[in-house]
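Written below as structure tokens is the structure these notes are about.
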Amino acid sequence: MSTLKAVRGTRDLLPPETALWNRIEATARSVFARYNFGEIRTPVFEDTTLFARGVGEETDIVSKEMYTWEDRARAQSEKTQSLTLRPENTAGVVRAYIEHGLGESGQLQKLYYLGPQFRRERPQKGRYRQFSQIGAEVIGPPSAGSESPLRDAEILEMLATLLDELGIQGWTLHLNSVGSAADRARYNQALRAALAPVVAQMCPDCQRRAETNPLRVLDCKVPADQPIIETLPMIADSLDEASQAHFAAVTAALDAAGVPYTRNHRLVRGLDYYTRTTFEFTHGGLGAQNALLGGGRYDGLSEMLGGPRAPGIGFAMGEDRLVLTLQAQEKQKSTPPKVVAYIAPVGENMNSANLALAGELRHQGLAVELGDGSFRLKKSFESADKTARNIVIFGEDELQSGKLTVKNFANGTQMSVPRAELADFLLNSDQFLEPEGGRSTPEAPLVVPPARIPQKPIHE
Ligand code: HAM
């Protein structure tokens with residue numbers, strides 16, 4: 001019988017890698033809390049219309065990559081409903097904002113989310129069909145200040161802080177403005193005019209998009225089309241005064257906050273809802289799929305989905321890509337995580353007494369592994385050395401004396417420790433820090449990098 005495997009483009013995440021995922025999520029939650037964001041959890045599938053209207057029919061995501069199916073009707077009179085596994089979460093968050101009348105409070109809604117997204121892309125390093133995003137959205141009525149460039153700068157400053165706290169080194173922030181809806185209409189016109197004489201030489205997708213949504217021509221990856229795309233007008237030339245002033249205010253606030261960025265005129269992002277500020281943080285170590293995260297403003301999305309006017313800005317980080325980047329950085333220094341102690345029963349008749357001892361230590365918050373009394377002492381030592389920093393030997397002799405034999409693998413010392421003092425002794429037994437676990441493994445101190453120093457921006 002053929003063995004079953006995880007579906008192409010999906011993966012199992014196993015320990016110890018999952019410890020890194022948990023650390024990333026804990027750091028993100030901690031940063032979001034300091035910036036006063038609350039968590040939102042929306043369904044993993046939605047009505048297909050949400051993405052068609054929100055993300056845009058002509059985008060790669062909607063036209064090629066969605067997992068969509070017709071849900072069975074429950075009764076003959078009922079219509080089938082087209083459902084889609086979410087390819088991204090901004091549309092779902094804005095749908096929830098509208099559905100629950102979150103704008104009625106008059107306050108800005110600051111919402112974050114973590115979870116799986118689904119796109120039927122060609123799998124490669126850093127690109128999967130099920131992947132995880134950590135994202136956040138700031139949305140609200142204009143009276144709450146939702147259009148203010150300060151919100152854009154604060155989100156970007158938060159992202160720089162989060163990447164620094166995660167320990168991601170060497171990121172680059174690419175920044176652009178795609179203007180208001182009116183600017184984009186003007187730009188689309190300029191693109192149509194520029195494309196007219198050359199579009200016949202381009203790929204079929206571009207030929208269609210030149211008609212329906214010329215901005216999406218800029219997403220084309222076909223190598224032969226790139227020289228033509230290079231000659232197309234830039235969106236910066238279509239921005240009106242208000243959009244230019246908005247962008248200038250964002251960059252001035254970033255300069256003041258000391259967040260370095262580079263202006264990238266080609267950054268229009270592959271989703272239709274963006275207006276004004278768009279951004280991506282990239283990392284050189286990721287190869288072709290180098291975007292750690294992307295985001296931008298979407299001042300018209302709520303109205304596109306039938307809601308009230310509710311400008312917003314947000315981002316989503318590719319958690320899989322954060323993991324890849326950190327793994328590559330930590331490759332040399334990574335040692336598999338170890339628990340504080342391996343409890344080794346000597347003789348099978350000592351198994352239950354050792355189970356009780358392991359339970360005592362675990363109740364006191366220590367992470368321990370339990371051996372088996374059928375093992376020879378040599379085998380216990382070998383297993384212990386692989387999984388733990390200390391071995392605790394508990395046989396008949398120790399039961400009689402009330403003292404346990406503890407050996408520390410790092411410094412080789414062997415001690416006889418009274419049972420009542422064992423937990424404290426183990427806690428102080430070495431200076432190794434453990435990335436995950438109970439009190440035995442003090443949490444790696446949260447490194448808060450020094451305050452960012454205002455610096456000169458890097459312009460292209
Ligand atoms: P996006 O650029 O489509 O934006 O995705 C954001 C991030 O998700 C990417 O930068 C990348 O790190 C990760 N990502 C995307 N596709 C994959 C994949 N197939 N495999 C692994 N990682 C992937 C959005 O999704 C917008 N909703 C972001 C946003 C929020 N804009 C405003 N608010």
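All ligand and atom numbering here is 1-based and tracks the order in the structure.
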Thinking salt bridges, do [X] and [Y] make one under a 4.0 Å N-O criterion?
X: Glu303; Y: Arg309; result: yes
X: Glu280; Y: Arg269; result: yes
X: Glu165; Y: Arg34; result: yes
X: Asp60; Y: Arg209; result: yes
X: Arg208; Y: Glu58; result: yes

Counting only nitrogen or oxygen atoms and a 3.5 angstrom limit, does [X] reach ligand 1?
X: Ala136; answer: no
X: Tyr113; answer: no
X: Glu88; answer: yes
X: Tyr298; answer: no
X: Tyr273; answer: yes
X: Glu121; answer: yes
X: Phe131; answer: no
X: Glu137; answer: yes
X: Gly318; answer: yes
X: Ile313; answer: no

Flag this pair as yes if the NZ/CZ of Arg389 is under 6.0 angstrom from the six-membered ring centre of Phe409 and inside a 45 degree cone about the axis; otherwise no.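 Judged by the rule, Arg389 and Phe409 form no cation-pi pair.
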Please report which non-hydrogen protein atom sits nearest to [atom], along with the residue it belongs to and the distance in Å to one decimal place.
atom: atom 20 (N) of ligand 1; value: Tyr128 N, 3.0 Å
atom: atom 12 (O) of ligand 1; value: Ala291 O, 2.9 Å
atom: atom 31 (N) of ligand 1; value: Tyr274 OH, 2.6 Å
atom: atom 7 (C) of ligand 1; value: Ala316 O, 3.5 Å

[X] and ligand 1 - part of the residue with a heavy-atom distance under 4.0 Å:
X: Arg269; answer: side chain
X: Gln133; answer: side chain
X: Arg321; answer: side chain
X: Asp320; answer: neither

Atoms in ligand 1 with a heavy atom of Gly126 nearer than 4.0 Å: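 Near Gly126, meaning under 4.0 Å from one of its heavy atoms, ligand 1 has 20 (N), 21 (C), 22 (N).
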For Thr90, the ligand 1 atoms whose distance to one of its heavy atoms is below 4.0 Å: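 It comes down to these atoms of ligand 1: 26 (C), 27 (N), 29 (C), 30 (C), 31 (N), 32 (C), 33 (N).
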Report yes or no: does Thr18 contribute a side-chain atom to a donor-acceptor pair with the main-chain N or O of Trp21 at less than 3.5 Å?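 Not a single qualifying donor-acceptor pair exists.
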Using side-chain heavy atoms (C-beta onward) and a distance below 4.5 Å, is Ser177 in contact with Ile235?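 With C-beta onward as the side chain, the pair stays apart.
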The single option from Asp152, Thr278, Thr275 passing side chain to side chain donor-acceptor pair (under 3.5 Å) against Arg297: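 For Arg297, the side chain to side chain donor-acceptor pair (under 3.5 Å) test succeeds with only one of Asp152, Thr278, Thr275, which is Asp152.
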So which of Arg216, Lys64, Lys221 actually passes side chain to side chain donor-acceptor pair (under 3.5 Å) with Asp205?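 Among the candidates, only Lys64 passes.
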Using side chain to side chain donor-acceptor pair (under 3.5 Å), reason through Gln289 and Tyr128 one step at a time and then give a plain yes or no. CA-CA 11 Å; Gln289 303 305 315; Tyr128 311 100; over 6 Å; no
Please verify the inter-ring angle class for Phe37 with Phe32; under 30° counts as parallel, over 60° as perpendicular, anything in between as tilted.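 Taking Phe32 first and then Phe37, their aromatic rings sit tilted (interplane angle of 30° to 60°).
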